[in-house]
Amino acid sequence: MDTLSNSTVLPNAVLSPSFNRRELKPGIVHIGLGAFHRAHQAVYTQRALEKSFGPWGIVAVNLRSPEPVRALEKQDGLYSIIVRSAEGDRAEVIGTTVDWLCAAERQQDVLDYLSNPDIRVVTLTVSEKAYGLDPMTGGLDFHHPAVAADIAQPTRPQGVIGFLVEGLFRRWERGIDPFTVLCCDNLPSNGRVVRRLVLEMACRRDQALANWIESHGKFPCSMVDRIVPAATDETRDRAAALLGAEDRLAIETEPFMQWVIEDDFVSGRPAWEEAGAVFADAVAPYEDMKLRLLNGSHTLIAHLGILHDLEFVRDVMAVPEFVEIVQRHMEAATATLGAVPGIDLPAYKHQLLERFANPTIAHRNAQIAMDTSQKLPQRILAAAAETLKAGGEAREFAYVVALWIASIHKRGDLNDPRRDEILAAIRQADRQDTSAPLFSITGLFPQELIENRGWRDLVNRELASFDMTADVEKT
Ligand code: CS2
């Protein structure tokens with residue numbers, strides 16, 4: 001079977017870009033060529049270009065792994081998404097990517113793009129752990145390997161913040177307006193967070209550069225949503241059957257997608273609103289809603305699934321008792337939210353339960369459980385602290401922390417940037433206060449939770465109620 005390329009003749013049922021790709025000029029650099037970007041911003045951009053064509057082709061940059069870049073090269077920048085639901089599978093070829101680079105191999109070419117005036121927007125999906133964010137200060141973590149490397153050698157960046165700063169530096173020197181930085185990772189106030197990290201690193205480079213970024217740079221916040229499981233061989237087989245061509249980058253996803261963006265750009269942007277994106281003055285209420293209801297429930301479901309040997313989110317949602325736990329969690333999270341403009345929260349939650357249960361989406365609990373230490377603060381711990389402050393018990397949030405610990409015991413391991421510290425803490429657990437060593441890891445829990453004896457006892461009590469079949473000691 002041939003590989004998907006410009007010359008593939010697609011079956012009629014497969015959608016493909018309705019614009020002429022040869023006329024598409026680069027206007028966006030996207031950093032982080034993972035599944036999420038391919039099924040989200042790239043799709044929104046395709047829709048926007050179909051309705052209102054403009055110079056907004058995407059230059060896709062992967063920081064480390066060259067694999068997706070090689071695949072794009074082989075496929076003329078094309079790949080497919082398969083939208084899966086009870087109504088059936090719908091395949092669409094996405095053609096918004098105009099160039100592709102692995103930053104570790106072509107650092108200077110990436111910087112050339114970043115300093116090119118045609119590039120007006122830089123979008124990011126690099127995952128929570130890649131930013132080098134110190135959870136204690138909200139600023140740069142100077143021990144983060146990429147942060148340390150980029151401060152030592154700013155002209156040869158490795159990490160996302162280093163690339164942004166060096167790209168902005170070159171524009172500043174040449175008198176070119178800054179690009180807008182649009183963060184699309186699941187962090188609260190993601191634009192503000194990235195702005196602060198960029199300014200802190202820029203300051204080390206040159207105070208005048210930092211001043212220029214501070215007054216001319218724009219870092220709009222955005223809330224992104226679409227469930228996109230990691231692709232498997234089945235995904236690729238399904239794509240081959242639908243396309244009649246082999247697609248190594250195929251991904252499957254749900255019909256739902258949402259993007260709420262703060263409309264604050266330096267010099268233009270694609271007409272993403274034509275594709276259904278919502279531009280709002282304040283994105284925080286949408287971010288909190290999504291992080292605490294969707295992502296918080298996801299983290300709960302993932303560890304519940306692991307504890308009960310259930311592979312996928314949908315398997316957990318097939319157990320009525322577990323659905324009740326998820327609903328209780330959502331109610332506790334809702335109590336921490338204010339009104340969200342234009343959103344009917346009960347309907348939103350109902351829809352979430354349906355999305356989680358989608359029988360055609362095989363979303364692995366183990367995938368969501370990855371990097372939990374980086375996800376807990378914005379998904380669970382902030383809501384816990386706010387609930388306690390308001391006089392509540394925050395039991396539902398203590399339960400998720402206990403589940404996380406229990407799932408580490410069960411697997412005897414975890415996939416997490418703080419793995420070694422967490423495993424060491426779990427090995428030291430004392431019988432009376434099982435979670436104590438975890439609470440003493442720097443920056444893992446916020447101070448108000450560390451100091452709340454009653455809440456920590458709740459975590460211990462919940463933990464004691466699980467049957468932990470494996471044990472970290474044994475591994
Ligand atoms: C998930 C998210 O892996 C995870 O942590 O909770 O990737 C989730 O699927 C997306 O944020 C949905 O928009």
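Order of listing sets the numbers, starting from 1, for every ligand and every atom in it.
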*asked:* For a salt bridge (Lys or Arg N to Asp or Glu O under 4.0 Å) check, start with the C-alpha distance between R418 and D371, then their side-chain angles and the critical distance, and finish with the verdict.
replied: CA-CA 8 Å; R418 305 198 70 175; D371 300 346; over 6 Å; no
What is the ring orientation for Y399 with F466, classed by angle as parallel under 30°, tilted 30 to 60°, or perpendicular over 60°?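 Y399 vs F466 ring planes: tilted.
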Contacting atoms of ligand 1, where contact means under 4.0 angstrom from a heavy atom of [X]:
| X | result |
| --- | --- |
| D225 | 12 (C), 13 (O) |
| N186 | 11 (O) |
| H363 | 9 (O) |

When you look at K349 and E331, which way does the salt bridge (Lys or Arg N to Asp or Glu O under 4.0 Å) test go after all the steps? CA-CA 9 Å; K349 284 180 276 191; E331 289 325 302; 3.4 Å; yes
Any Lys/Arg nitrogen of R355 or D225 sitting under 4.0 Å from an Asp/Glu carboxylate oxygen of the other?
yes
- Message: I'd like to know if K74 and E246 make a salt bridge, using a cut-off of under 4.0 Å between side-chain N and carboxylate O.
- Response: no
Counting heavy atoms only, which of L294, N295, D371, T253 is nearest atom 2 (C) of ligand 1?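 Checking each option, the heavy atom nearest atom 2 (C) of ligand 1 is found in N295.
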Option set H298, K290, E128, criterion heavy-atom distance to atom 10 (C) of ligand 1, minimum: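 Considering heavy atoms of H298, K290, E128, the nearest to atom 10 (C) of ligand 1 sits in K290.
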(message) Between V59 and I28, is there a side-chain heavy-atom distance shorter than 4.5 Å?
(response)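 No. Closest side-chain heavy atoms not under 4.5 Å.
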Any side-chain heavy atom of L182 sitting closer than 4.5 Å to one from L124?
-> no
Short N/O distance, under 3.5 Å, between [X] and ligand 1?
| X | result |
| --- | --- |
| Q367 | no |
| K375 | yes |
| R226 | yes |

- prompt: Does some non-hydrogen atom of R379 fall short of 4.0 Å from ligand 1?
  reply: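 True for this residue.
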